[in-house]
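Basis for what follows: all heavy atoms, side chains included, without hydrogens, waters or symmetry-related copies.
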Amino acid sequence: MFRDLELTLTEQVTVKVVTQSLTPRGVRPARTANGHGKSQKNKAAIRKAYLDGLTPTEAAKSIGVTRGYVSQRYKEIRQELKLTA
């Protein structure tokens, strides 16, 4: 029984190490469909907050995300607007 457990754990560790070594840094694993949908809703809400003139702090409180996340999205929105101008 212990031998089977040891083999299973060794296999799991090997898979994780190989996966980490083959995955470029900065690449995150794919999110579940539910997480992706929530992310898209948050981004849409942040875009609306930006267009409504809310500060990052106000937007973060109303949406329920961190201020840092909102600030990053605001920065991306400003860059997009500069590219289209």
About how many Å separate NZ of K43 and CD1 of I77, when rounded to the nearest 0.5 Å?
10.0 Å

Write down the atom of I46, the atom of R73, and the distance for their closest heavy-atom approach.
CG2-CB, 3.6 Å

Which distance, rounded to the nearest 0.5 Å, do you find between the NZ of K75 and the CD of Q72?
8.5 Å

Mind checking the OH-CG spacing from Y69 to N42? Nearest 0.5 Å is all I need.
5.5 Å

Rounded to the nearest 0.5 Å, what separates atom CZ in R67 from atom OG1 in T55?
7.5 Å

Approximate separation, where rounding is to 0.5 Å, of L54 CG and K48 NZ:
8.0 Å

Closest approach of Y74 to A59 (non-hydrogen atoms, all atoms of both residues)
OH-CB, 3.6 Å

